[in-house]
Structure formats: structure tokens, C-alpha cells
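We count residues from 1, following the sequence as given.
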Amino acid sequence: MKNNNLFLWKQVETTDPEFTTKVNQRGGFTAIGAQYQIKNATEIFGAFGYGFGIKDENYTPILNDTLIVYTATFYYKYKDESGDVCGEFPISSSIKVMMGNKLDDDCIKKVQTDALTKGLSKLGFNADVFMGRFDDNKYVNTVNENNNKNSNANDKEEWIWAV
């Protein structure tokens, strides 16, 4: 029997460049839209909170309440050729409570979203970005071309269907 360990990874590793942003901080990196990742996870697993999600969330303030450490458990389930696949693993992140002299009133949402997207990356979501492929313009151009071909094919199908 053939090993199928990359079944999920191969479905979710390629990122549509339209949903990325170049960030020129900390040496520069490519950021992926969190809502895009959640949409892709919903397509594979089902609705957030049912097919995948987070549980056992814990927010711990440290360093005189200037930093929040977030821990939780990421869970998921889907079907592959061998049947039902379920899993869960710990996720974590941390964030400063203050942005300069101002309180960051979005810090709870930010730390949760960061941990969730890191969890998705462990399953292969947007692996091309995390593996540095988006630093290669040729790779990004190829992905863009493939996305444009798929988009045009979908447009044509919709037009034919509408006739």
C-alpha cells in the first residue's frame, strides 16, 4: 500500500498571490491573509468550530501584564482515501499589550489569529510561503499564471452555464 502522508499537504500548499502582502519589517517577509487561510481550511474541513477550530484557550499575562501568552489546542477532521482523519495539537503565540504608549485593544484577536494560522501551517496550508518559495519571482509568476488560467476557465464555465 502506498504511503499517503502528504494527501492533505498537497491539497493546501499552494498560495494564491492575490491574498499575500509583502511586509518590510524584521528583514521582510510575505504575509498571508488570515481570512483566506480560514476559507481554505473551511473548504477542506468544514465550518470553523465543527470540522476544525481551537479549544482549551488560555491567555496568560506576563511581564507585569505587558505581554500575553496564548495557548490552545488546534483540532481538525476530514476524509481521505483511507477514511476519517482526525487530529489535534497545541498551538501558541504571544503579543505585546501596548503599541508604543497606546493599549492595543486588538491584541487578543491578533494573538489568537497568529496561533491559528501557525496551526494551519503545520498541516501544510500555504507551505510555499513558509518554505520561502515566494522569495522566488519565477515561482510567484507561475502560480499567478496558473491562477489566471483557472479563473478564466471558471469564468467561461459560468458564462456557458448562464446561456
field: Separation between CD of Gln35 and OG1 of Thr117, rounded to the nearest 0.5 Å
entry: 12.0 Å
field: Contact list for residues 86-100, test salt bridge (charged side-chain N to carboxylate O under 4.0 Å, His left out), sequence neighbours left out
entry: Lys55-Glu88
query: Atom CE of Met99 and atom CG of Asn101: how far apart are they, to the nearest 0.5 Å?
result: 11.5 Å
query: Does the side chain of Thr14 pick up a donor-acceptor pair with the side chain of Asp128 at under 3.5 Å?
result: no
Distance-only donor-acceptor check, side chains Asp16 and Tyr36, under 3.5 Å: no
message: Does Lys109 have more than 12 heavy atoms from other residues, nucleotides or ligands lying within 6.0 Å of its NZ?
response: no
query: When rounded to the nearest 0.5 angstrom, what distance separates CZ in Phe29 from OG1 in Thr20?
result: 12.0 Å
message: Any salt bridge linking Lys110 with Asp114? Criterion: basic side-chain nitrogen under 4.0 Å from a carboxylate oxygen.
response: no
- line: Value for OH (Tyr139) from CE (Met131), rounded to nearest 0.5 Å, stands at 9.0 Å
message: Counting only heavy atoms from other residues, nucleotides and ligands, does the tally under 6.0 Å from NZ of Lys102 exceed 12?
response: no
query: Atom NZ of Lys79 and atom SG of Cys86: how far apart are they, to the nearest 0.5 Å?
result: 9.0 Å
Met98, CE atom: more than 12 neighbouring heavy atoms under 6.0 Å: yes
query: Hey, any chance Val129 and Phe19 share a hydrophobic cluster, counting ILVMFWY side chains that come within less than 4.5 Å of each other, even indirectly?
result: yes
- line: Sequence neighbours excluded, the answer for ring-ring contact (aromatic ring centres under 6.0 Å, His included) partners of Phe52 is Phe45, Phe48
query: Would a hydrophobic clustering, with Ile, Leu, Val, Met, Phe, Trp and Tyr connected at side-chain separations under 4.5 Å, put Val111 with Ile38?
result: yes
message: Quick one about Asn126 and Gln37 (side-chain donor to acceptor, distance below 3.5 Å, no hydrogens or angles considered), yes or no?
response: yes
Identify every side-chain donor-acceptor pair in residues 60-76 under 3.5 Å, counting partners at least two apart or on other chains, and give the distances.
unit_1	atom_1	unit_2	atom_2	d
Thr66	OG1	Leu63	O	2.6
Tyr70	OH	Glu57	OE2	2.8
Tyr75	OH	Gly49	O	3.1

